[in-house]
Visitor: 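Pasting a structure here, questions to come.
Numbers here simply count residues along the sequence, with the first being 1.
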Amino acid sequence: MTKETYSIWLQNSVHNKKIFDLIKRYASEENKDSFSPHVTLVSNINSEEKALNILQKLSDNKSSVIFDKISTGDAYFQKLYLESSDNTYFFHSVSKIEGWPSLWVPHLSLYYGDELPKSFDLGELNKLIPVALTFDTIAVYKTGPQVSEWKEITTLYLD
């Protein structure tokens, strides 16, 4: 049996259509599950109660962030993603969480997988950036290894 894990995400209540369409297209082409655009603030939380307690410590200010870089990685959940040169908002959001890893790289994933999607085209992606996204909600999700089983627990609107 897989242990339950929870994550806390920043999202925009009205998803950027180009980004959401790209996430859905890559997932569909590669026969993977799609997911909503988000930036994970905290992951690998071992209980819903702990996730809700951490949620209370996070910044409740909404902000617009400019994503200006396309990146690829080696990890399944960090294969293809957007990054921002200015992560001040993300780091400020988690500043009250004791012991949160300093090596955390805030990012907005475009694709999860072991390999890049076959239709990956850096030229196409570079036309998307820079893109400004306003994060106006913060949510607790039940997560884990199966994207199809992810479930929203609660969402708060940011001021």
Visitor: Would Leu10 and Tyr89 count as a side chain to side chain contact (heavy atoms under 4.5 Å, CB included) if you check the C-alpha gap in whole Å, the side-chain angles of each, and the deciding distance to 0.1 Å?
Guide: CA-CA 11 Å; Leu10 277 173; Tyr89 171 66; 3.6 Å; yes
Visitor: Would you name the heavy atoms of Tyr111 and Pro117 that are closest together and state the gap between them?
Guide: CD2-CD, 3.4 Å
Visitor: So which heavy atom on Ser59 is nearest to which on His92, and how close?
Guide: OG-CD2, 4.0 Å
Visitor: Can you check whether Ser85's main-chain N or O pairs, donor with acceptor, with Asp68's side chain at less than 3.5 Å?
Guide: yes
Visitor: Measure from the side-chain N and O atoms of Asn16 to the backbone N and O of Ile19, and report whether any donor-acceptor pair falls under 3.5 Å.
Guide: yes
Visitor: For a side chain to side chain contact (heavy atoms under 4.5 Å, CB included) check, start with the C-alpha distance between Ile70 and Leu82, then their side-chain angles and the critical distance, and finish with the verdict.
Guide: CA-CA 5 Å; Ile70 306 288; Leu82 299 176; 3.2 Å; yes
Visitor: Between Trp104 and Phe90, what is the ring plane arrangement, given parallel below 30°, perpendicular above 60°, and tilted in between?
Guide: perpendicular
Visitor: Just how far is it from atom NE2 of His38 to atom NE2 of His15, taken to the nearest 0.5 Å?
Guide: 10.5 Å
Visitor: For residues 149-159, run the donor-acceptor check on the side chains, cut-off 3.5 Å, and write out each pair with its distance to 0.1 Å, sequence neighbours left out.
Guide:
{"residue": "Trp150", "atom": "NE1", "partner": "Gly144", "partner atom": "O", "Å": "2.9"}
{"residue": "Glu152", "atom": "OE2", "partner": "Thr155", "partner atom": "OG1", "Å": "2.4"}

Visitor: May I ask you to test the Thr143-Asn44 pair for a side-chain heavy-atom distance under 4.5 Å?
Guide: no
Visitor: Assess the side chains of Thr134 and Asn12: does a donor N or O sit below 3.5 Å from an acceptor N or O?
Guide: no
Visitor: Assigning hydrophobic clusters by single linkage (Ile, Leu, Val, Met, Phe, Trp, Tyr; side-chain heavy-atom cutoff under 4.5 Å), is Phe20 placed with Phe135?
Guide: no
Visitor: Taking side chain as C-beta onward, heavy atoms only, is Tyr26 less than 4.5 Å from Tyr112?
Guide: no
Visitor: Would you say CG of Asp121 has more than 12 non-hydrogen atoms from neighbouring residues, nucleotides or ligands within 6.0 angstrom?
Guide: yes
Visitor: Is it the case that the side chain of Ser84 and the backbone of Ile66 share a donor-acceptor pair, with hydrogens and angles ignored and the cut-off at 3.5 Å?
Guide: yes
Visitor: Is any side-chain N of the basic residue among Lys18 and Asp21 closer than 4.0 Å to the acidic one's carboxylate O?
Guide: no
Visitor: Once rounded to the nearest 0.5 Å, what's the spacing between atom CG of Asn87 and atom OG of Ser93?
Guide: 10.5 Å
Visitor: Do Ile45 and Thr5 come within less than 4.5 Å of each other through their side chains, counting heavy atoms only?
Guide: no
Visitor: Taking the side chain as C-beta and beyond, is there a heavy-atom pair between Ser36 and Gln11 under 4.5 Å?
Guide: yes
Visitor: So which atom in Ser34 and which in Lys24 form the shortest heavy-atom distance, rounded to 0.1 Å?
Guide: OG-CG, 3.3 Å
Visitor: Got Val39 and His107 here, is their nearest side-chain heavy-atom distance under 4.5 Å?
Guide: no
Visitor: Please check if atom NZ in Lys57 has more than 12 non-hydrogen atoms from other residues, nucleotides or ligands closer than 6.0 Å.
Guide: no
Visitor: In the structure I gave you, are the side-chain heavy atoms of Leu22 and Arg25 within less than 4.5 Å of one another anywhere?
Guide: yes
Visitor: Any idea which heavy atoms bring Asp86 and Val65 closest together, and the distance?
Guide: O-CG1, 4.5 Å
Visitor: Quick check: closest heavy atoms across Pro145 and Phe77, and the distance to 0.1 Å?
Guide: O-CZ, 3.9 Å
Visitor: So which atom in Thr40 and which in Ser7 form the shortest heavy-atom distance, rounded to 0.1 Å?
Guide: CG2-CB, 4.3 Å
Visitor: What's the separation between atom CG in Leu41 and atom CD1 in Ile97, rounded to the nearest 0.5 Å?
Guide: 7.5 Å
Visitor: Heavy-atom distance under 4.5 Å between the side chains of Lys142 and Tyr6, does that happen here?
Guide: yes
Visitor: So does Lys118 pair up with Glu29, basic N to acidic O under 4.0 Å?
Guide: no
Visitor: Quick one: does any side-chain atom of Lys79 pair with a main-chain N or O of Gly73 as donor and acceptor, under 3.5 Å?
Guide: yes
Visitor: Return the CG to CD distance between Asp114 and Glu30, rounded to the nearest 0.5 Å.
Guide: 11.0 Å
Visitor: With side chain to side chain contact (heavy atoms under 4.5 Å, CB included) as the criterion, how do Gln56 and Leu52 come out once you've worked through the C-alpha distance, each side chain's angles and the decisive distance to 0.1 Å?
Guide: CA-CA 7 Å; Gln56 300 307 311; Leu52 293 171; 5.7 Å; no
Visitor: Flag the pair Tyr81 / Leu108 as yes when at least one side-chain heavy-atom distance between them is below 4.5 Å, and no otherwise.
Guide: no
Visitor: Can you tell me how far NZ of Lys69 sits from CG of Leu125, rounded to the nearest 0.5 angstrom?
Guide: 14.0 Å
Visitor: Is it possible for you to say whether Val14 and Leu133 belong to one hydrophobic cluster, with membership spreading through side-chain heavy-atom contacts below 4.5 Å?
Guide: no
Visitor: Step by step, would you call Asp60 with Ile138 a side chain to side chain contact (heavy atoms under 4.5 Å, CB included)?
Guide: CA-CA 8 Å; Asp60 59 359; Ile138 190 166; over 6 Å; no
